[in-house]
Participant: 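Before I ask anything, let me first share the structure, which is written out below as structure tokens.
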Amino acid sequence: MQAYRRYVGTAIAFALSLSAGAADAAVTVQIVQPSNVFIEGDTIPVRVAAQAPDDVYYVEAEFEGIVIELTPTEDGTFEGSFDLGELGGDLPYGPHVVTVDAYSTLGEMATAQRTLHRYAPPTLGWNVLPNDTLTAGVRFDAKCIPTPPYECQRLSAEFRSPADVGRANVVINFLTTAPQELQSSHPERLYIKEDRWGNPVVYQLPSGRTYTLTIEASDGVGPTVTRTVGPIHVDRSPRLTVVERAPGAILDFDATRLLVLNDRGRIGIVERATRAVTWIETMPAGDAPLSAVYGALMPSGAVYQTTNGYVRSWINGVRSTVGRAARLDAVNGDTAVWTSDSDDWAHAHDSSTGDNTTLWFSWGSRSPFQADITASGEIYFGTYEGASIVGPGGALLGDHEGNLQRPITDGTNVVGRWWDGRTSSSYLYTADGEEVFLGDSITGASAGLLAHAGHAGFLKSNGAVNQVWLRTPDGEQHQISDFATSSQFDQAKLRVGHDGLSDTGDVLFLNGGKRYIGRPGGAPEVISSDLGHGRWLDGSWHVTIGNTLAQVTSAAGSPALLAAPANLAGALEGGGEREVLSTWFRDELLDAPMWARDLHEPDALPAPADADADTGGDVAPAAAGCSAAGQAGSAGSAGALAAALAGLALGRRRRVRS
């Protein structure tokens, strides 16, 4: 009996076979129960209807050599049950027949049979996880592994990408295909191999798209097994070399760490050298989806936005609440700026001390508050209620008509844009107090400026579309793009205005679904699709797409510009092919990263309910919005800038058009 209790509750599906024969047509027998094709539990109940003109004398049932007499009931049927424990061992997977014989008082007989199956559904295996990216050298594959003695009869995979701006809806279907030698070695299995066998046009996923994957398998006995995985990204640009694959979508990274969010809502920090993961918190169920979660690394931890309107920090192993009903706006170093959800309060948070300092307050305001932070912690911000950028010590920069959008600073210069409903006018403020008019663009999007290492990137209209321009530290202006459609900067929350410029003034931007690097005097170079986010770090361009961190290489295959740090070792060994276990893949462990093999839950995390016990500001509420932060210049440069600009007040000292 005990040997069969393990199967209680296990779905056992069956092809139903019912045949009735009689030694004499005068006797009839019909199996009423089992009424379906499932064996469930450790018994098989049997109930039959038997009739004969001269009365039914005896009814028996046989299963795997066990014979039982069925007892007559008041409703005229006969019933009994098989105790599977009497078989003395495991009932093997496969078909099993229940035979019922009914005898009349005159010795006539009728027989009925029902074929049952002890059954387990096929196992699906595939090599992509949620937020995974199929890059050059990594192809999608899947397989159906049946439970013997059954065989997989159908395997299919559908990649569906919804319509996007300038892109039509895409649906790609893969059906079973494999070379004869592989199929003959495992005739019971089915395989899908993208772009490895068959017509490459049919079996190649279009690059530059994000998909939802649905896999279906059937063995013709039980119900179809269906699994859905997503999002799955595809970017097979030869200019991208994978250096990290993380256990979740990458929210931020630096030379030694990754901030990640997995599909179960766990946010954590990965040490890149050891791949050790510290899980910080599981996102509580809130009004916002997981896609609303974002955050940034700090020197001693991280700060992030939750799904239920909290801004939290994790510093030196301690999780704290920075603000309740709040929106994280900007991060740099130990400093974060956050606002209430109504945008009528704005605060600066010092993660080293845990203190919150009020930056701005306007009761009942619905004006977007947007800020940027220098490396030394100095803050520049703007609102629609003011005509000037507010700097350290209350210094005011500029005085222009229209709505002031997010100011950006690299610690040397400050740039800002004013939107009048038709045109965004961009200005730069130098450390010596000069105001420089950069140009007008025909977009109201706030993410239209870049600042890094004395360089400034800006959008400028040629009358029809926006082109990318660059101002160098010596004051020269260069047109970088010349496309028939508008270009835009590659921006991400908490990194607005900083990631798209290199130390030498190369500009990263997007146009027509592609990511480009442009520089003065040369044609822009395509490096990838516009998926994910590009960033300059430690002398190289990088792109994050989902859970994948890639380094941009030159057209010749070497790292673009300076070499990557030594700790950015390639993660795809053996020519780049890999296979990762899905949660349902119980076949042999292949050469997968350890985080993909571990199918267990991580250690218990702090419950969302303990928020009231956290330390931090207990202040007002948060709204969605664009965020900004980034690398900046030296503290000395920032101090010189603040001193030079303190006397600008509302007036313009000098305006230079170029």
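Just so you know, these numbers come straight off a predicted model, no measurement behind them. Numbering of residues begins at 1 and proceeds along the displayed sequence.
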Participant: Can you check whether P407's main-chain N or O pairs, donor with acceptor, with Q370's side chain at less than 3.5 Å?
Facilitator: no

Participant: List in chain and number order the residues that pass side-chain hydrogen bond (donor to acceptor under 3.5 Å, both in side chains) with D235, two or more places apart in sequence or in another chain; answer none if no residue qualifies.
Facilitator: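 D235: side-chain hydrogen bond (donor to acceptor under 3.5 Å, both in side chains) contacts with S529.
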
Participant: Work out which heavy atom in A456 is nearest to a heavy atom in V415; give both atom names and the distance.
Facilitator: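 The answer is CB-CG1, 4.2 Å.
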
Participant: For D252, what residues pass the salt bridge (Lys or Arg N to Asp or Glu O under 4.0 Å) criterion, not counting sequence neighbours?
Facilitator: R495, R535

Participant: Give the intermediate values and the outcome of side-chain contact (heavy atoms from CB on, under 4.5 Å) for residues I527 and W541.
Facilitator: CA-CA 10 Å; I527 62 168; W541 290 107; 5.5 Å; no

Participant: Compare all side-chain heavy atoms of Q305 with those of K493 and state whether any distance is below 4.5 angstrom.
Facilitator: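 No, their side chains stay 4.5 Å or more apart.
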
Participant: Check for a donor-acceptor pair, side chain of R417 on one end and backbone N or O of S425 on the other, with a separation under 3.5 Å.
Facilitator: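 No; judged by distance alone, with no hydrogens or angles, the pair does not exist.
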
Participant: Are a donor atom and an acceptor atom from the side chains of T548 and R245 found within less than 3.5 Å of each other?
Facilitator: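 Distance-only check passes for T548 and R245.
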
Participant: Can a side-chain donor-acceptor contact be found between W338 and N356 if the only test is distance below 3.5 angstrom?
Facilitator: yes

Participant: Do you know the tightest heavy-atom contact between A246 and L258?
Facilitator: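 Result for this residue pair: CB-CD1, 3.8 Å.
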
Participant: Is a side-chain donor or acceptor of R239 paired with a backbone partner of T553 at a separation under 3.5 angstrom?
Facilitator: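 At least one qualifying donor-acceptor pair exists.
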
Participant: Do S540 and Q551 have side-chain atoms, one donor and one acceptor, less than 3.5 Å apart?
Facilitator: yes

Participant: Looking only at side-chain N and O atoms, does H542 offer a donor or acceptor that is under 3.5 Å from a partner on E244?
Facilitator: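 Checked: E244/H542 side chains show no N/O donor-acceptor pair below 3.5 Å.
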
Participant: Could you check whether any side-chain heavy atom of L397 comes within less than 4.5 Å of a side-chain heavy atom of Y380, counting everything from C-beta outward?
Facilitator: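 In contact.
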
Participant: Apply side-chain contact (heavy atoms from CB on, under 4.5 Å) to residues V322 and H347 and explain how you reach the verdict.
Facilitator: CA-CA 10 Å; V322 174; H347 310 272; over 6 Å; no

Participant: Backbone N or O of I373 within a donor-acceptor pair of the N332 side chain at under 3.5 Å?
Facilitator: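 Pair found, side chain donor or acceptor close to backbone of I373.
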
Participant: Among S351, S352, P299, which residue satisfies the side-chain contact (heavy atoms from CB on, under 4.5 Å) criterion with I315?
Facilitator: S351

Participant: Compare all side-chain heavy atoms of L240 with those of V552 and state whether any distance is below 4.5 angstrom.
Facilitator: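 In short, these two side chains touch, coming nearer than 4.5 Å.
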
Participant: What pair of heavy atoms forms the shortest contact from H452 to D503, and how long is it?
Facilitator: NE2-OD1, 2.7 Å

Participant: Enter the distance from S388:OG to W418:CH2 here, rounded to the nearest 0.5 Å.
Facilitator: 7.0 Å

Participant: Going by distance alone, is a donor N or O of one side chain under 3.5 Å from an acceptor N or O of the other, for S365 and S367?
Facilitator: no

Participant: Any non-hydrogen side-chain atom of L404 less than 4.5 Å from a side-chain atom of I389?
Facilitator: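 Counting from C-beta outward, L404 and I389 do come under 4.5 Å.
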
Participant: Hey, are S376 and T374 close enough side-chain-wise for a donor-acceptor pair under 3.5 Å?
Facilitator: yes

Participant: Measure the spacing between CG of L470 and CZ of F458 and express it to the nearest 0.5 Å.
Facilitator: 7.5 Å

Participant: Can you find a heavy atom in the side chain of T282 that is under 4.5 Å from one in the side chain of R264?
Facilitator: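 Contact flag for T282/R264 side chains = no.
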
Participant: Evaluate the ring planes of W363 and F361, with Trp represented by its six-membered ring, and classify them as parallel (under 30°), tilted (30 to 60°) or perpendicular (over 60°).
Facilitator: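 Tilted, since the angle between the ring planes falls between 30° and 60°.
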
Participant: Looking at every heavy atom in both P524 and S481, which two are closest together, and how far apart are they?
Facilitator: CG-CA, 4.5 Å

Participant: Which of these, D132, T135, I545, sits in a side-chain contact (heavy atoms from CB on, under 4.5 Å) with H233?
Facilitator: I545

Participant: M298 and side-chain contact (heavy atoms from CB on, under 4.5 Å): which single residue from T335, V303, L259 fits?
Facilitator: V303

Participant: Does P284 offer a backbone N or O that forms a donor-acceptor pair with the side chain of T307 under 3.5 Å?
Facilitator: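 Checked: pair present.
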
Participant: Answer yes if the side chains of D410 and H455 hold a donor-acceptor pair under 3.5 Å, and no otherwise.
Facilitator: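 No pair is found: no donor N or O on one side chain lies under 3.5 Å from an acceptor on the other.
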
Participant: Would you indicate whether the side-chain heavy atoms of Y516 and V468 approach each other to under 4.5 Å?
Facilitator: no

Participant: Side-chain contact, heavy-atom cut-off 4.5 Å: W469 with V507?
Facilitator: no

Participant: For R327 and F369, work out which heavy atoms get closest and say how close.
Facilitator: NH2-O, 2.9 Å

Participant: Check for a donor-acceptor pair, side chain of T409 on one end and backbone N or O of G411 on the other, with a separation under 3.5 Å.
Facilitator: yes

Participant: Under 3.5 Å, is there a donor on one side chain and an acceptor on the other for S426 and R471?
Facilitator: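 No - no donor-acceptor pair under 3.5 Å links their side chains.
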
Participant: Could you measure the distance from the CD1 atom of I269 to the CD1 atom of I280? Nearest 0.5 Å is fine.
Facilitator: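 Rounded to the nearest 0.5 Å, the CD1-CD1 separation comes to 4.0 Å.
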
Participant: Once side chain to side chain contact (heavy atoms under 4.5 Å, CB included) is applied, do any residues pair with V390, and if so which ones, sequence neighbours excluded?
Facilitator: F381, L396

Participant: When rounded to the nearest 0.5 angstrom, what distance separates CG in L328 from OH in Y304?
Facilitator: 11.5 Å

Participant: Hey, could you give me the OG1/CD distance between T306 and E281, rounded to the nearest 0.5 Å?
Facilitator: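 Going from OG1 on T306 over to CD on E281, the span is 6.5 Å.
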
Participant: Is there a donor-acceptor pair closer than 3.5 Å between any side-chain N or O of N511 and the backbone N or O of S486?
Facilitator: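 Pair found, side chain donor or acceptor close to backbone of S486.
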
Participant: The test is side-chain contact (heavy atoms from CB on, under 4.5 Å); show your working for T544 and H533 and say whether it passes.
Facilitator: CA-CA 5 Å; T544 55; H533 177 60; 4.0 Å; yes

Participant: Report the C-alpha separation of Y427 and F437 in whole Å, then their side-chain angles, then the decisive distance to 0.1 Å, and conclude whether the ring pair (Phe, Tyr, Trp, His ring centres under 6.0 Å) test is met.
Facilitator: CA-CA 5 Å; Y427 297 86; F437 176 70; 5.3 Å; yes

Participant: Distance from L501 atom CG to W536 atom CH2, nearest 0.5 Å?
Facilitator: 10.5 Å

Participant: Would you please test L438 and K460 for side-chain contact (heavy atoms from CB on, under 4.5 Å) and show each step?
Facilitator: CA-CA 8 Å; L438 297 176; K460 187 174 180 179; over 6 Å; no

Participant: Give me the atom names and distance for the closest heavy-atom approach of V337 to I379.
Facilitator: CG2-CD1, 3.8 Å

Participant: T321 and R312: side-chain donor and acceptor closer than 3.5 Å?
Facilitator: yes

Participant: Answer yes if the side chains of R515 and S237 hold a donor-acceptor pair under 3.5 Å, and no otherwise.
Facilitator: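 No donor-acceptor contact under 3.5 Å links the two side chains.
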
Participant: State, with a plain yes or no, whether a side-chain heavy atom of S487 is found less than 4.5 Å away from one of N466.
Facilitator: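 No, every pair of side-chain atoms sits at 4.5 Å or beyond.
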
